[in-house]
Trainee: 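This is the structure, below, for whatever I ask next.
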2 protein chains.
Amino acid sequence: MKMTPEILLKSLSDQTRLRSLMLLMQEGELCVCELTYALNLIQPKISRHLASLRDIQVVTDKRAGQWVYYSINRGLPPWAKELLQASLKGSLNDKQHRADLNKLKNMSNRPCELLTTYE
Amino acid sequence: MKMTPEILLKSLSDQTRLRSLMLLMQEGELCVCELTYALNLIQPKISRHLASLRDIQVVTDKRAGQWVYYSINRGLPPWAKELLQASLKGSLNDKQHRADLNKLKNMSNRPCELLTTYE
DNA sequence: GGCATATATATGATCAAGCATATATTATCT
DNA sequence: AGATAATATATGCTTGATCATATATATGCC
C-alpha cells in the first residue's frame with residue numbers, strides 16, 4: 001500500500017490516534033495496555049485505532065509474549081516522517097500530550113519486554 | 001485562536017481543503033474562482049471550505065475588487081508551516097495534485113490581481 | 001444586470017463509541 | 001500433564017453524532 005498525504009492526514013485527524021502516535025514518537029515502542037493506561041481510555045478503543053493505523057502501515061506491531069508492542073513504521077517515506085515530527089513539535093506544548101506522557105511515566109507494573117525475553 | 005496539531009490536522013483531513021491548501025502552497029495566492037476551476041468543484045463547496053480554513057486562521061483572505069484572494073497565513077507557528085511543507089512534499093508525487101496544478105496553469109481568463117489594481 | 005462570493009437548509013454518508021464477546025498467552029492448581 | 005483461571009488483545013455489532021454535499025438563495029462589486 002502506498003502512503004499518501006490524504007491517507008496519513010486522515011489517520012491523524014482522530015484524537016485517539018493522534019495522541020497514541022505522539023506517545024509512540026517519544027517513547028518508541030508501547031503496548032496496548034500502556035497506551036490504554038496513559039490515555040485513560042477503554043482497551044477496545046485503543047486496540048481498534050491501533051489496528052487501523054497498522055492497516056495503513058503507519059505503525060508496525062510485534063508480539064512479545066502476551067503483549068503486543070506497537071511502534072512507528074520505520075519504512076515510512078521521508079515526508080511522512082517529517083510530517084509526524086512537525087506534529088510532535090507542535091504537541092510538545094500541548095496540555096493533553098504532556099498529561100498523557102506524564103501518566104505513562106507514572107504507570108506502575110509497566111510491562112518490560114527485556115525481562116520477559118531473558119528469563 | 002491558538003493553533004494546535006489537533007485543529008490543523010483535522011482541517012487537512014478533508015480532500016477539498018487539502019487540495020486547496022496544496023495549490024495555495026505552490027501558487028501563493030488564489031481566488032475562489034481559480035480554485036473552483038482547478039479542482040473542478042462547485043463554487044459553494046470551495047467557498048465553504050475556505051471559510052472554515054479562514055476561521056481557524058490557516059489561510060487569510062484579501063478582497064481585490066470582485067475577487068477574494070486566499071493565501072496561507074504567514075503567521076502560522078513554525079511547526080505548522082513545516083507540517084504543511086511535508087504535506088506538499090508528499091503531494092508532489094500525487095496524481096490528483098499534479099492534475100489540479102495543471103488544470104490551473106491552463107485556465108484561460110485567469111483573474112490577474114495586479115492588472116485590476118493598477119487600471 | 002452579470003459575475004463572484006457567501007450562506008441557509010436539508011439530506012446523506014462516514015465513522016467513532018460502547019458493549020459484548022472471541023482469541024491467545026501465561027499462571028495456577030491438582 | 002491436563003484443566004482452569006487470569007490477563008492481554010482483537011473484533012462483531014448497533015447506535016449516535018459529526019460533517020460534507022447539493023440545491024437554493026442572498027449579498028456585494030463592476
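Note: hydrogens, waters and symmetry copies are ignored here, and every other heavy atom, side chains too, is used.
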Trainee: Rounded to whole Å, please give me the gap between CG in B/N40 and P in D/dA22.
Mentor: 12 Å
Trainee: Using atom CG of A/L50 as one end and atom P of C/dA17 as the other, report the distance to the nearest whole Å.
Mentor: 13 Å
Trainee: Without decimals, in angstroms, what is the distance between B/I42 CD1 and D/dA24 C1'?
Mentor: 11 Å
Trainee: Consider the side chain of A/P44, meaning its heavy atoms from C-beta on, and name the nucleotide among C/dA6, D/dA10, D/dA20 that approaches it most closely.
Mentor: D/dA10
Trainee: Over how many whole Å does the gap from B/Y69 atom OH to D/dC29 atom P extend?
Mentor: 16 Å
Trainee: Is a side-chain donor or acceptor of A/R98 paired with a backbone partner of A/L92 at a separation under 3.5 angstrom?
Mentor: yes
Trainee: Could you tell me how far apart B/D55 (CG) and D/dC19 (P) are, to the nearest whole angstrom?
Mentor: 13 Å
Trainee: Hey, is CG on A/N109 packed in by over 12 heavy atoms from elsewhere, all under 6.0 Å?
Mentor: no
Trainee: Quick check for you: to the nearest 0.5 Å, what is the distance between B/L104 atom CG and B/Q26 atom CD?
Mentor: 10.0 Å
Trainee: So which one's nearest nucleotide on DNA chain C is more toward 5', A/K10 or A/Q43?
Mentor: A/K10
Trainee: Look at the side chain of B/W67 and decide which nucleotide, out of C/dA6, C/dG18, C/dA4, has an atom nearest to it.
Mentor: C/dA4
Trainee: Determine, step by step, whether A/L53 and A/R17 satisfy the side-chain contact (heavy atoms from CB on, under 4.5 Å) criterion, reporting the C-alpha distance in whole Å, the side-chain angles of both residues, the deciding distance to 0.1 Å, and the verdict.
Mentor: CA-CA 8 Å; A/L53 289 172; A/R17 290 192 293 267; 3.8 Å; yes
Trainee: Roughly how far, to the nearest 0.5 Å, is NZ of B/K105 from CG of B/D100?
Mentor: 12.5 Å
Trainee: Between C/dT7, D/dT9, C/dA17, which nucleotide has the shortest distance from any of its atoms to the side chain of B/S47?
Mentor: C/dT7
Trainee: Nearest whole angstrom, please: distance from the P of C/dT5 to the NZ of B/K62.
Mentor: 14 Å
Trainee: Assuming nearest nucleotide by heavy-atom distance, tell me which of A/R63 and A/R48 is located more 5' along DNA chain D.
Mentor: A/R63
Trainee: Compare the minimum distances between each of C/dA6, D/dA22, C/dA17 and the side chain of B/K45, then state the nucleotide with the smallest one.
Mentor: D/dA22
Trainee: Could you check how far CG of A/L53 sits from C1' of C/dA16, rounded to whole Å?
Mentor: 14 Å
Trainee: With a non-hydrogen cut-off below 4.0 angstrom, is B/T16 in contact with a base, only sugar-phosphate, or nothing?
Mentor: sugar-phosphate
Trainee: Name the residue closer to the 5' end of DNA chain C, choosing between A/S13 and A/G65 according to the nucleotide with the nearest heavy atom.
Mentor: A/S13
Trainee: Measure from OH on B/Y37 to P on C/dA4 and round the result to the nearest Å.
Mentor: 13 Å
Trainee: Using a heavy-atom cut-off of under 4.0 Å over every strand shown, decide if A/I46 touches base, sugar-phosphate, or nothing.
Mentor: nothing
Trainee: At under 4.0 Å, does any side-chain N or O of B/Y70 touch on OP1 or OP2 of C/dA6?
Mentor: yes
Trainee: Below 4.0 angstrom from OP1 or OP2 of C/dA17, is there any side-chain N or O of A/H49?
Mentor: yes
Trainee: Where the side chain of A/Q66 is defined as all heavy atoms beyond and including C-beta, which of D/dT21, D/dT7, C/dT5 is the nearest nucleotide?
Mentor: D/dT7
